[in-house]
Amino acid sequence: RRCIVCLPLSWVLTMPTEVPDMPEEDIPSFLEIEAERGFPYGLEALSVGHSMLRAASGKRFATQVAVPRNHLEQLERALKAAQLRPTSITLGATVLQNPDKESSSGVLALVLGDGSVDLQITCAGGVAVLRSLDSVFESESVQNRLSTDLLLREIKITLGQLPADFRDAVRRVRVFGRGESARRFLNEAAPRLETMGLKVEPGCRRAVTARLYWLFW
């Protein structure tokens, strides 16, 4: 009856925030003010978490992540009706690829789904980017087919929007997925990503339940 629930990234709002030099105890209130300014809904309607990053230059950044509370409440009602008790509610991408706080290198993780791709970048000890991509598929007969060209374009755009310190730290692309679409993407994308200085490797799904990162419940 116990379960761990991973939310879809399509539910998630994200906002990068540069954190000025200030005492550690003042950071939560600063981030709360920035969240009130930046998110399209009031904080009473959101469940908010954050991940801290420190660039090689010494600057600090935070990735603020919010999920509408009404989504969580509907999910909890559905779980209760199914007689399930959630141990935690978190994000699937961050379970598969946790940030390595001991390493200076970064990882761009891709979780390939049937109709969307979750993209996450971890570096500098935290999560820098979370995106849900549903525009990287092309219609083929009666099915949607993952387009390597469209996904590579989104990867380039995402990396180009990162601060230089973080962009230069990303050296690996880790692909989580099963089936022919994942194998095809690995084969087609690997040579092109390697020309960008990125090593491509398949992701490992072992022991993911012990690696929860963001908890919204």
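Quick note: numbers below take in every heavy atom, side chains included, and nothing from hydrogens, waters or symmetry partners.
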A.B. asks: List the steps and the verdict of side-chain contact (heavy atoms from CB on, under 4.5 Å) for Val48 and Val65.
C.D. replies: CA-CA 6 Å; Val48 183; Val65 179; over 6 Å; no

A.B. asks: Can you tell me how far the CD atom of Gln120 sits from the OG1 atom of Thr14, to the nearest 0.5 Å?
C.D. replies: 11.5 Å

A.B. asks: How close do Cys123 and Ala169 get, counting heavy atoms only, and between which atoms?
C.D. replies: CB-CB, 4.5 Å

A.B. asks: Rounded to the nearest 0.5 Å, how far apart are CZ of Arg85 and CZ of Arg1?
C.D. replies: 9.5 Å

A.B. asks: With rounding to the nearest 0.5 Å, note down the distance linking CG in Asn144 to OG in Ser181.
C.D. replies: 11.5 Å

A.B. asks: Report yes if some heavy atom in the side chain of Leu146 is under 4.5 Å from a heavy atom in the side chain of Val136; otherwise report no.
C.D. replies: yes

A.B. asks: Do Ile121 and Val107 come close enough that some side-chain heavy atom pair is under 4.5 Å?
C.D. replies: no

A.B. asks: Could you tell me which non-hydrogen atom of Thr63 sits nearest to which non-hydrogen atom of Val127, and how far apart they are?
C.D. replies: OG1-O, 2.6 Å

A.B. asks: Applying salt bridge (charged side-chain N to carboxylate O under 4.0 Å, His left out) as the test, list every pair that has at least one member in residues 194-203; sequence neighbours left out.
C.D. replies: Arg172-Glu201, Arg174-Glu201

A.B. asks: Any side-chain heavy atom of Asp118 within less than 4.5 Å of one from Leu110?
C.D. replies: no

A.B. asks: Closest heavy-atom contact between Ala109 and Phe176?
C.D. replies: CB-CE1, 4.1 Å

A.B. asks: Would Val200 and Val175 satisfy side-chain contact (heavy atoms from CB on, under 4.5 Å), going step by step from the backbone distance to the final call?
C.D. replies: CA-CA 8 Å; Val200 183; Val175 180; 4.3 Å; yes

A.B. asks: To the nearest 0.5 angstrom, please state how far the CG atom of Leu96 sits from the SG atom of Cys6.
C.D. replies: 7.5 Å

A.B. asks: Let me check something: do Val173 and Met196 share a hydrophobic cluster, defined by ILVMFWY side-chain heavy atoms less than 4.5 Å apart, either directly or through other members?
C.D. replies: yes

A.B. asks: Who passes side-chain contact (heavy atoms from CB on, under 4.5 Å) against Pro191, sequence neighbours left out?
C.D. replies: none

A.B. asks: Could you walk me through whether Asp134 and Ser10 pass the side-chain contact (heavy atoms from CB on, under 4.5 Å) check?
C.D. replies: CA-CA 9 Å; Asp134 57 8; Ser10 57; over 6 Å; no

A.B. asks: Only counting residues at least two apart or in another chain, list the ones meeting side-chain contact (heavy atoms from CB on, under 4.5 Å) with Leu84.
C.D. replies: Cys3, Leu79, Ala82

A.B. asks: Looking only at atom types and distance, does a side-chain atom of Arg145 sit under 3.5 Å from a main-chain N or O of Glu138, one as donor and one as acceptor?
C.D. replies: no

A.B. asks: Flag the pair Val170 / Thr122 as yes when at least one side-chain heavy-atom distance between them is below 4.5 Å, and no otherwise.
C.D. replies: no

A.B. asks: Can you sort out the partners of Phe39 under ring pair (Phe, Tyr, Trp, His ring centres under 6.0 Å), two or more places apart, ordered by chain and number?
C.D. replies: none

A.B. asks: Between Leu162 and Val129, is a side-chain contact (heavy atoms from CB on, under 4.5 Å) present by the stated rule, with each step listed?
C.D. replies: CA-CA 9 Å; Leu162 280 175; Val129 175; 3.6 Å; yes

A.B. asks: Quick one: side-chain hydrogen bond (donor to acceptor under 3.5 Å, both in side chains) pairs with a partner in residues 52-61, sequence neighbours left out?
C.D. replies: Glu24-Arg60, Ser57-Asp165

A.B. asks: Do you know the tightest heavy-atom contact between Met52 and Ala62?
C.D. replies: SD-CB, 3.7 Å

A.B. asks: Distance from Arg2 atom CZ to Ser88 atom OG, nearest 0.5 Å?
C.D. replies: 11.5 Å

A.B. asks: Do Leu43 and Tyr41 belong together in a cluster built from hydrophobic side chains that touch within less than 4.5 Å?
C.D. replies: yes

A.B. asks: Mind checking the CD-CG spacing from Glu18 to Leu53? Nearest 0.5 Å is all I need.
C.D. replies: 12.0 Å

A.B. asks: Can you find a pair of side-chain heavy atoms, one from Leu198 and one from Leu108, that are under 4.5 Å apart?
C.D. replies: no

A.B. asks: Check Met15 against Ala35 and note the closest heavy-atom contact, atom names and distance.
C.D. replies: CE-CA, 3.7 Å

A.B. asks: Can you see which heavy atom on Phe30 is nearest to which on Thr17, and at what distance?
C.D. replies: CE2-CG2, 3.9 Å

A.B. asks: Can you give each donor-acceptor pair under 3.5 Å made by side-chain atoms of residues 148-157, sequence neighbours left out, with the distance rounded to 0.1 Å?
C.D. replies:
{"unit_1": "Thr148", "atom_1": "OG1", "unit_2": "Glu188", "atom_2": "OE1", "d": "2.6"}
{"unit_1": "Asp149", "atom_1": "OD1", "unit_2": "Arg192", "atom_2": "NH1", "d": "2.8"}
{"unit_1": "Asp149", "atom_1": "OD1", "unit_2": "Arg192", "atom_2": "NH2", "d": "3.0"}
{"unit_1": "Glu154", "atom_1": "OE1", "unit_2": "Arg131", "atom_2": "NH1", "d": "3.1"}
{"unit_1": "Glu154", "atom_1": "OE1", "unit_2": "Arg131", "atom_2": "NH2", "d": "3.0"}

A.B. asks: Could you note down all residue pairs passing ring-ring contact (aromatic ring centres under 6.0 Å, His included) where residues 179-202 supplies at least one of them, sequence neighbours left out?
C.D. replies: none

A.B. asks: Measure the shortest side-chain to side-chain distance between Leu9 and Leu91 over non-hydrogen atoms and say whether it is less than 4.5 angstrom.
C.D. replies: yes

A.B. asks: Kindly state each residue pair satisfying ring-ring contact (aromatic ring centres under 6.0 Å, His included) with at least one member in residues 57-86, sequence neighbours excluded.
C.D. replies: Trp11-His71, Phe61-Phe166

A.B. asks: Would you say that Val19 contacts Ile27 through its side chain, given a criterion of any heavy-atom pair below 4.5 Å between the two side chains?
C.D. replies: yes

A.B. asks: For Glu44, which residues count as a salt bridge (Lys or Arg N to Asp or Glu O under 4.0 Å) partner, sequence neighbours excluded?
C.D. replies: none

A.B. asks: Does any pair with a residue in residues 25-40 pass salt bridge (charged side-chain N to carboxylate O under 4.0 Å, His left out), and if so which ones, sequence neighbours excluded?
C.D. replies: Glu34-Arg37

A.B. asks: Strictly by ring-ring contact (aromatic ring centres under 6.0 Å, His included), give each pair with a member in residues 107-153 just once, sequence neighbours left out.
C.D. replies: none

A.B. asks: Can you find a heavy atom in the side chain of Pro40 that is under 4.5 Å from one in the side chain of Leu13?
C.D. replies: yes

A.B. asks: Under the ring-ring contact (aromatic ring centres under 6.0 Å, His included) rule, what pairs show up with a residue in residues 115-135, not counting sequence neighbours?
C.D. replies: none

